[in-house]
Structures are given as structure tokens and as C-alpha cells.
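Just below is one structure, and these are the notes that go with it.
Numbers for residues simply follow the sequence, beginning at 1.
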Amino acid sequence: MRRGTRTTTTTMVMSSCLQVAAVSVLLMATGLQAQLRVGFYDNSCPAAEIIVQQEVSKAVSANPGLAAGLVRLHFHDCFVRGCDASVLIDSTKGNQAEKDAGPNTSLRGFEVVDRIKARVEQACFGVVSCADILAFAARDSVALTGGNAYQVPAGRRDGSVSRASDTGGNLPPPTAGVSQLTQMFAAKGLSQREMVALSGAHTIGASHCSSFSSRLYRSGTTAGQDPTMDPAYVAQLAQQCPQSGGGGGPLVPMDAVTPNTFDEGFFKGVMANRGLLSSDQVLLSDKNTAVQVVAYANDASTFQSDFAAAMVKMGAVGVLTGSSGKVRSNCRVA
């Protein structure tokens, strides 16, 4: 259960209705009403969303960290070439695919998608796209960890191109400032407010020490060089991430208080100068994003509804629909 966010059945129904209305308005605005819609597989593969939910539930029960992994897969897919499941394609002898680009080497959850796809293909061969599976799995991961079970419009088709080189300039680095983050999200049609809401996904999951160690050892010898980080938190992290550590280092929870619960804890951490990544803590340095951080930290329901709406909008970035793209029978093969 999320801290102080127990929702009554009536509120959940009202929230669901509002989400469906928001989705309809959004899709009409983007011109995708006819292609992406809630219930896309109701007739062609009615078991599709049930299968996804069952497999995600099994995976997250066995390894809670996979919830964040599946949300991140969807994000990294949509921000490179649009939401076309190109992040799932394996590299070949003549091509290095997206998943093997530097920012993507720590992605996980591919095996969960494989299991989902195998079951879906048995139920309805050649119908459900890998891109839609990613969108459903991200939603279910959020819901299973305490977030809103928002409605996902479907009808995406899969792409056939996946190049590691395409990730450059599209995936926000952990050192990005507010201006860079705002620009990168704007390039995908997402507002600064939606950027802050989507940053809240960091309320679950973990990060390798290499993504934030520069905040601990900026001078190369002394810990605590980043003045925006709580000194006690710096000391704690320095114990977990020794300077002599090699490789990516161990995994550290993004939200140290409730790492496996989708709640407002991320924003409370940022307010306390305990944002793990520089790109998280920087949200408190800009007056516009800081106001939103404080609002979300004190109003979990607003964060949850804003996050759900932002995920739906992100899920429509650069989609292939109708006769464009294909439905890949094996998500790893173009």
C-alpha cells in the first residue's frame, strides 16, 4: 500500500472515467483516434491484456525490480524512433541494435517480454504487436507496485529498424539539467510538466553507482562535493559505492524509503536533497519544476493521475499504425 494513498472504490471508478476521457481528448488532438484506442484487441485477441498482466505479475513477484525495468524499456523504446519496439531487436553481425548502445546496456525485462509474446502468439497468432506489449507491461508494472491502473490505447505496429547510433541525443543522461531535459522531452512533444511527472517513475527501481558517483567524488579524492546533495546521504552512498569500485558498481535504490512502491516518495526525496541522480535533484533548482516537485510530494493523487496521462501521451510518440510497420512474431528479430 502507498503511504497515505489508499483509494476508495468510488474514487478509483471516477479516476478511471477521467483517464478514459483524457485519453480520448489526447488521441483526437494527435490525430491517432482511429488507430490507437482503448480496447483495440477486444475482438481480435481478447486475452491479450490478461496474458500481459499475468506474466508481468509473475515476473514482478519473483523480482520486484523488474517493474522499474519494464517501465524503463517502454520509455527507452519511445524516445528512440518512437514506440515501435525497436529497443527489443537483437544486434546482428552487420548491425549493432539499440539495446547494445551505451545508455541501454543496463536495460532489463527482455525475457519477460519474450514470455508474454510466446503466450500471445499461441492465443492469437500475428495479431498483437511487441510495441503494444511494452505499453501494457509498463502500465501493469506501475499498477502492481501501487500506481494507477490507467487505460492504455493500443494499435501500435512494430518497426524493422534498430540502430545503436540512433540513441545519441535522444535519451536524457543522468547529468542533464532542467533546460536540457525540457528540450529533450519537447522534441518528443512532451511538456515540461509531463517531464517532471514522468521523472516520478524513478520512485521505483535502482541505479548503478556509475550513474551518480561523480556527485560523491567530484574532486577525485573527497566525498561530498555536490552541494545539492544531503551530506548524510553522500556519506551513506559513499559506503555503498566506494571510489575504487570498478564497472557500473552495485545497484542503489532510487527511492531509499519505498524502493518497490510506486508512490510520491521520489519527490519527497528530491525535496530532502536526496535525489539520487543529478538529473533528478536538478528539478528543485528551477522555480517552475520545483513548484511541481513540492506539489507532487504533498499530493500523491495528483502525481498519479498526471503520471498516467503523461505515460499515455508518451506511448503515442512516433507510433506506426494502420498499414505502417508490422507485427513481429519474434520481438527480438526485425
Side-chain angles (χ1 to χ4, degrees), residues 2 5 7 10-40 49 52 67-68 70-79 82-83 131-132 134-156 172 181-182 184-204 261-267 270 283 288-289 291-319 321:
R2 302 190 303 278
T5 59
T7 309
T10 300
T11 303
M12 290 175 67
V13 171
M14 292 175 64
S15 175
S16 179
C17 291
L18 288 171
Q19 289 167 22
V20 172
V23 167
S24 298
V25 172
L26 170 64
L27 294 181
M28 283 190 284
T30 57
L32 297 171
Q33 178 81 27
Q35 290 84 17
L36 290 188
R37 66 177 188 274
V38 173
F40 184 85
E49 293 192 53
V52 175
L70 290 167
V71 173
R72 189 166 176 242
L73 263 184
H74 184 41
F75 177 89
H76 280 233
D77 180 45
C78 291
F79 264 56
C83 309
D132 279 342
L134 283 177
F136 292 145
R139 182 269 313 279
D140 293 336
S141 295
V142 169
L144 286 165
T145 50
N148 284 356
Y150 56 91
Q151 299 278 355
V152 175
R156 299 165 189 79
L181 289 169
T182 301
M184 295 185 81
F185 277 71
K188 310 302 176 186
L190 298 165
S191 69
Q192 184 181 75
R193 182 174 182 82
E194 289 160 341
M195 178 270 287
V196 177
L198 290 170
S199 295
H202 287 173
T203 196
I204 55 174
T261 303
F262 200 94
D263 59 12
E264 72 283 8
F266 165 79
F267 297 103
V270 171
L283 297 177
N288 294 320
T289 56
V291 167
Q292 199 175 341
V293 166
V294 174
Y296 285 161
N298 291 287
D299 186 351
S301 62
T302 297
F303 160 57
Q304 295 279 6
S305 59
D306 283 0
F307 178 83
M311 284 290 283
V312 169
K313 186 173 178 180
M314 184 191 77
V317 170
V319 295
T321 59

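Legend: residues meeting side chain to side chain contact (heavy atoms under 4.5 Å, CB included) with Val291, ordered by chain and number and at least two apart, are absent. Every residue meeting the side chain to side chain contact (heavy atoms under 4.5 Å, CB included) condition with Leu190, not counting sequence neighbours, appears here in chain and number order: Phe79, Phe185, Lys188, Glu194, Leu198, Lys313, Met314. For Asp299, the side chain to side chain donor-acceptor pair (under 3.5 Å) test picks out Ser301, Thr302, with sequence neighbours left out. Considering only residues two or more places apart in sequence or on other chains, His74 meets the side chain to side chain donor-acceptor pair (under 3.5 Å) condition with none of them. Looking at residues two or more places apart in sequence or on another chain, you find a side chain to side chain contact (heavy atoms under 4.5 Å, CB included) between Thr182 and Val178, Gln192, Met195. When the salt bridge (Lys or Arg N to Asp or Glu O under 4.0 Å) test is applied to Asp132, the partners found at least two apart in sequence or on another chain are Arg156. Phe303 pairs by the ring-ring contact (aromatic ring centres under 6.0 Å, His included) definition with Phe262, Phe267, Tyr296, Phe307, not counting sequence neighbours.
Atoms CG and OG, from Leu283 and Ser199 in turn, are 5.0 Å apart once rounded to the nearest 0.5 Å. The line from OG1 of Thr261 to CD1 of Ile204 is 9.0 Å long, rounded to the nearest 0.5 Å. Of the inter-residue distances, the one linking Arg193 atom CZ with Thr289 atom OG1 reads 11.5 Å to the nearest 0.5 angstrom.
For the pair Thr321 and Leu36, the minimum side-chain heavy-atom distance is below 4.5 Å. Looking at heavy atoms from C-beta onward, Pro172 lies in side-chain contact with Phe75 at the 4.5 angstrom threshold.
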* To do: For Val142 and Val71, run side chain to side chain contact (heavy atoms under 4.5 Å, CB included): C-alpha distance rounded to whole Å, both residues' side-chain angles, the deciding distance at 0.1 Å, then the answer.
  => CA-CA 8 Å; Val142 169; Val71 173; 3.9 Å; yes
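Contact between Ala300 and Glu264 at its shortest, heavy atoms only, is CB-OE1, 3.4 Å. Ala67 approaches Ser141 most closely through the heavy-atom pair O-CB, 3.4 Å. Here the closest heavy-atom approach between residue Leu70 and residue Ala138 is recorded as O-CB, 4.1 Å. Closest heavy-atom contact between Ala131 and Cys83: CB-O, 3.5 Å. Closest of all the heavy-atom pairs between Ala137 and Val52 is N-CG1, 3.7 Å.
Identified under the salt bridge (Lys or Arg N to Asp or Glu O under 4.0 Å) test for residues 134-149, with sequence neighbours left out: Glu49-Arg139.
Judged purely by atom type and a 3.5 angstrom limit, Asp263 uses its side chain to pair as donor or acceptor with the backbone of Gly265. Looking at Asp77, its side chain never comes within 3.5 Å of a backbone N or O of Leu73 through a donor-acceptor pair.
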